[in-house]
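Report on one structure; see the data block that follows.
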Amino acid sequence: MSGRTGRTEDAARASEPEVVAGADGAGGSRTVEPVLSVRNLTTRFHTRSGTVHAVNGISYELRAGETLALVGESGSGKSVSALSVMGLVPPPGTIEHGQVLLNGRDLLQASERERRDVRGREVAMVFQDPMTSLNPVLTVGRQLAEPLRRHLGMGAREARAASAALMKRVGIPNPADRLSDHPHQFSGGQRQRIMIAMALACRPSVLIADEPTTALDVTIQAQIVALVRELQDEMGMAILWITHDLALVAGFADRVAVMYGGTIVEEAGVGELYADPRHPYTRGLLASLPRLDDPRARLTSIEGRPPDLKAPPTSCPFASRCDWAVDRCEKEVPPLMDVPSVSGRSGPGQHRSACWRWDDLGGAVDAAFPGRAEAGEFA
Amino acid sequence: MSERSGFWAELSRHRLALASVVVLGVLSAACLGAPLLAPYAFDAIDLSSIQQAPSEDHLMGTDDLGRDLFTRVLYGGRVSLLIGVLSAVLATVLGSAVGVVAGFYGRAVDNVLMRMTDVAYAIPTLPLLIVLASYTEATAVSMAVVVGLLSWMTTARVVRGEVLSLKEMAFVEAARSLGASSGRIIWRHLLPNALGPIVVGATLAVGNAIILESSLSFLGLGVQPPTPTWGNMLMDAQATMATKPWLTIFPGLAILLTVLAVNFIGDGLQDALDPSARSSR
Amino acid sequence: MSDQPKGGGSPTATGKTPTATGKTPARPDDIDARSEGSPEPAPPLLEVHDLVKHFPVRRGFLQRQVGAIRAVDGVSFDIHPGETLGLVGESGSGKSTTGRTILRLHEATAGSVRFRGQELTTLDREPLRRERRHMQMIFQDPYASLNPRHTVGTILREPLDVHGVGDPSERRARVHQLLDRVGLDPAWDRRYPHEFSGGQRQRIGIARALATRPAFIVADEPIAALDVSIQAQIVNLLSDLKDELGLTYLFIAHDLSMVRHISDRVAVMYLGRLVELGTRDAVFAQPLHPYTQALMSAIPVPDPKLEAERRPLILQGDIPSPAAPPSGCRFHTRCPFAEARCRTDEPEWRDLGTADAPHLVACHFAEGLSNEHTM
């Protein structure tokens with residue numbers, strides 16, 4: 001399975017420091033057709049108090065077995081962009097333009113009926129809040145069986161057996177007995193496991209995980225991440241992992257796209273993004289993360305607040321908070337530009353930054369902080 | 001200061017509410033000024049012109065005793081509006097007080113008050129009113145009091161529920177941690193945030209009271225003829241609804257207009273009292 | 001009410017206080033002995049002794065008590081003036097309940113809380129109300145913790161109104177000063193909470209807590225609801241305020257990495273009990289309890305190279321219900337090192353630290369556990 005190869009390649013690279021700097025897991029598979037390709041996606045919310053420009057023309061590609069992390073803070077448009085892919089943007093939101101190509105077919109041109117058919121079978125989603133994403137009055141067994149019966153046409157008995165197997169696979173003890181339990185009888189972590197089982201029931205080619213661990217405790221988060229990685233190795237689906245936590249995805253994403261103010265401001269292979277971030281916002285985010293391996297007393301913060309999405313973008317969305325901003329940043333919206341990667345490979349799409357001054361930035365963020373030197377002793 | 005001006009600014013931005021204030025104001029003024037405005041006496045029977053359709057002489061026509069309907073609508077409004085407003089105020093104050101106390105103190109207090117509310121719900125309205133009517137004669141004020149005392153329970157329940165959830169909010173906890181007294185928490189934190197359902201309850205109560213009064217009048221337990229109320233006029237007109245529609249339409253319109261106006265004012269009030277609704281408009 | 005100077009410890013004592021805990025005995029019984037009279041230079045600002053908070057579970061028409069959520073089940077610690085104690089745990093650990101019970105937002109089921117030598121758990125309503133001036137709270141949710149119907153000015157004036165501090169013009173001036181101090185424009189006092197972002201609201205919440213110049217602040221997950229880039233702003237503000245005003249914090253968090261930046265000492269809580277307590281450096285350099293090790297190990301490092309090499313210790317299972325905590329060591333159901341003894345014997349609270357840096361742990365096997373997983 002291509003997922004497996006992608007992952008092992010990646011692991012192999014990780015142990016060779018020279019390669020890791022420029023590594024992106026999909027480097028070797030760039031020529032492979034993407035399973036999911038989002039082009040120039042623009043989603044707006046037309047509210048009574050004005051138009052909210054939630055997603056402003058973002059593009060990315062996701063290949064089989066690859067994990068793309070979409071990282072951003074609240075209001076960055078990361079979740080809306082995922083809902084747009086699923087065709088689940090709630091009113092008054094509308095997808096203004098763009099393409100969402102799933103296995104070559106544009107979902108935005110498809111009928112609602114066709115899209116319903118695709119959802120759950122080819123692309124599935126896991127949501128942030130495991131407490132509200134299961135129906136409290138139906139048994140877990142019924143909810144698990146639904147996608148199996150609907151998409152795979154299983155009979156009741158067959159679906160029940162398959163549901164039990166799925167529960168077992170995601171690590172719920174006594175799965176056969178617990179099928180008749182209701183959601184409130186499970187813990188938050190178990191409910192998220194069940195959501196994952198439901199999402200993967202039909203072996204979709206793309207799994208969209210929208211902050212699936214944010215509502216969970218850290219020890220449970222570690223369990224869920226480990227589970228999803230295992231399942232990806234097994235099933236080879238591509239994962240779009242949406243999160244606010246740059247630290248979390250460092251361990252398992254192949255590529256990382258950082259969103260700010262409804263646009264992707266930087267995208268690169270995971271190694272490169274952390275080692276050589278070329279957008280001031282990415283750098284600021286990395287610097288503001290508290291690190292267990294870095295005991296410096298004072299955190300670096302990004303002053304100011306996120307942009308008002310009610311105004312259509314006319315400048316770089318980050319300009320008002322940016323230490324590097326120049327006149328041009330106020331006047332022209334910077335597009336995503338190709339940046340030469342550290343490894344020397346500067347192929348299109350390897351490393352992109354939406355900063356006019358990407359060339360003035362570079363190198364590891366931590367170099368600016370003396371405490372960083374101590375990281376060596378932990379490594 | 002800014003709170004006040006924001007309130008009026010918002011209320012005046014709410015066009016429907018503003019129009020409703022005007023309509024209700026005109027209506028109330030006309031009813032209060034009925035002795036001056038009304039072309040006839042409300043109980044002047046004119047057997048020569050019974051059941052006439054609206055005309056120049058009788059703007060809204062006449063009823064089956066030849067009484068001028070316009071006059072009676074004006075006089076009827078005095079009673080109906082009084083009952084509506086007075087009983088709604090009574091029900092709202094009583095209901096809010098019971099609801100807040102039950103929700104805030106919880107436990108035994110809540111249990112006792114809520115069982116009381118259940119009992120009040122269970123009191124059969126009609127037998128009670130029949131008993132009352134046998135002791136006293138129904139006046140507009142006594143009617144308002146009785147109706148008010150029989151319709152506070154919904155508000156109490158809703159306010160209690162609201163307070164139960166509000167008191168778990170962190171800002172109430174913050175007030176407690178500051179050392180604020182229970183009274184202060186109730187007045188400054190709980191009631192203002194429960195205003196939404198309270199206002200809704202009050203506007204509904206106005207309409208309900210007017211209608212309840214009319215059914216009581218129909219049973220002969222309300223305000224006694226010949227004193228008109230919108231309710232008893234409507235009831236009287238029932239039999240002739242198809243043939244003499246004006247007898248139904250005008251008092252009905254008066255009730256409809258009042259209830260609608262009160263509801264729109266309620267909507268406006270709710271928005272005007274909510275700072276976050278104020279600026280997002 | 002109190003004969004002690006307000007404002008708690010002097011800011012100069014800040015750096016030194018953790019060492020004062022060197023004399024903190026491991027056995028809680030000794031705490032009372034010391035606080036009553038022995039000539040300590042800096043007595044603890046807050047002494048929590050065997051604090052218990054059970055929430056009754058009631059059922060049926062008669063609301064009979066059928067059980068109890070044992071949210072806090074015998075917790076003891078001191079906090080010295082000018083010190084920040086980080087209290088860490090996952091949901092259900094009882095960390096927030098501990099903070100609220102200390103401030104008597106919940107009534108303690110048992111145990112003692114002494115604030116500046118004064119017993120709080122039995123204090124009458126009026127003296128307690130006056131004492132609240134000196135101990136304040138910062139809340140987790142910046143949206144729910146501000147009354148949406150009040151202007152920021154009204155919100156910040158409330159503590160001053162409640163405690164009758166100053167005359168109206170002084171209160172006004174104080175409100176402006178507070179806004180300025182937390183980095184907001186004083187002219188914003190007429191705005192409503194919804195006009196502010198999450199980070200700005202949290203600043204307002206902090207300003208409210210500071211209004212009466214308290215000595216002690218319980219910060220209950222003050223950054224958990226904020227965006228990453230804003231979290232750092234708030235943590236930095238809190239530590240500036242501490243230095244400037246000589247504040248003492250109980251900083252409650254689920255995030256060990258943030259706690260590290262602000263705490264002098266760290267306490268780790270699991271299912272209503274403390275499992276480890278020590279100076280920040282000791283706990284982070286050498287976590288003794290397997291749960292602390294697992295917590296640290298579960299925190300991802302924002303560096304793909306380090307992440308690739310890390311072998312995190314992943315705990316199995318879920319946190320048991322505090323209504324029916326496991327026997328013996330409460331962590332034994334999830335502990336990778338548990339042995340038979342852990343299921344039956346409750347571990348004692350032992351000091352494995354040095355004379356001037358006590359490091360308390362409640363684990364039978366704390367000495368022998370490897371902690372290769374933590375970093």
Side-chain angles (χ1 to χ4, degrees), chain A residues 10-11 13-15 17 20 23 73-75 171 173 187-190 216-223 225-226 244-253 270-271 273-275 281 284-293 295-303 305-306 321 366 375 377-379, chain C residues 89-93 183 196-200 225-237 239-240 254-262 280-281 284-285 291 294-310 312-321 334 374-375:
Chain A
D10 201 33
R13 282 211 181 94
S15 55
V20 86
E73 298 182 279
S74 46
S187 70
Q190 286 178 322
L216 305 173
D217 282 314
V218 276
T219 58
I220 309 296
Q221 165 171 290
Q223 295 174 356
V225 167
H244 66 277
D245 190 349
L246 259 179
L248 178 67
V249 293
F252 61 88
V270 67
L273 188 97
Y274 291 79
Y281 177 64
L285 265 189
L286 280 169
S288 64
L289 287 175
R291 297 180 57 149
L292 273 184
D293 58 353
R296 77 197 132 93
R298 204 168 174 77
L299 294 165
T300 311
S301 62
I302 307 177
E303 295 307 320
R305 52 194 285 192
R321 299 173 81 185
D366 315 76
E377 75 185 57
F378 293 96
Chain C
E90 295 180 278
S91 50
S93 65
F196 294 90
S197 67
Q200 289 174 318
L226 303 176
D227 273 324
V228 185
S229 67
I230 309 295
Q231 287 185 348
Q233 293 178 6
I234 298 297
V235 166
N236 287 342
L237 174 66
S239 69
D240 290 349
H254 65 268
D255 181 351
L256 263 175
S257 50
M258 208 45 115
V259 159
R260 177 169 206 180
H261 285 268
I262 195 159
R280 170 185 60 181
D281 293 342
F284 281 90
Y291 179 61
L295 267 187
M296 288 174 67
S297 159
I299 298 169
V301 181
D303 183 330
K305 271 186 270 180
L306 291 179
E307 273 292 322
E309 288 157 25
R310 235 160 55 96
L313 173 65
I314 296 181
L315 292 181
Q316 299 304 308
D318 287 298
I319 305 171
S321 160
R334 300 176 75 199
T374 48
M375 278 315 309

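Naming: A, B, ... by sequence-line order, numbering from 1 per chain.
A 4.5 Å side-chain heavy-atom check between A:Gln221 and C:Pro300 finds at least one atom pair inside the cut-off.
Without hydrogens or angle criteria, C:Arg310 side chain to C:Ser297 main chain gives a donor-acceptor distance under 3.5 Å. A:Glu73 places a side-chain N or O within 3.5 Å of a backbone atom of C:Ser229 that can act as its donor or acceptor partner. Under the 3.5 Å distance criterion, the side-chain polar atoms of A:Tyr274 are matched with a main-chain donor or acceptor of A:Leu246. C:Gln233 places a side-chain N or O within 3.5 Å of a backbone atom of A:Ile302 that can act as its donor or acceptor partner.
Heavy atoms of C:Val235 lying under 4.5 Å from chain A belong exclusively to its side chain. Of the two parts of C:Gln316, only the backbone, made up of N, CA, C and O, holds a non-hydrogen atom closer than 4.5 Å to a non-hydrogen atom of chain A. Of the atoms belonging to C:Ile314, it is side-chain heavy atoms, and not backbone ones, that fall under 4.5 Å from chain A. Interface remark: A:Gln223 contributes backbone and side-chain atoms alike to the contact with chain C (heavy atom separation under 4.5 Å).
Heavy-atom pairs under 4.5 Å with chain A peak, among C:Gly198, C:Gly183, C:Gly317, C:Gly92, at C:Gly317. Contact count against chain A (heavy-atom pairs under 4.5 Å) is highest for C:Asp318 among C:Asp281, C:Asp318, C:Leu226, C:Ile319. Heavy-atom pairs under 4.5 Å with chain A peak, among C:Arg334, C:Glu307, C:Gln231, at C:Glu307.
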* For side-chain contact (heavy atoms from CB on, under 4.5 Å), just list the numbers for C:Val228 and A:Leu289, CA-CA rounded to whole Å, side-chain angles, deciding distance to a tenth of an Å, and then say yes or no. => CA-CA 7 Å; C:Val228 185; A:Leu289 287 175; 3.6 Å; yes

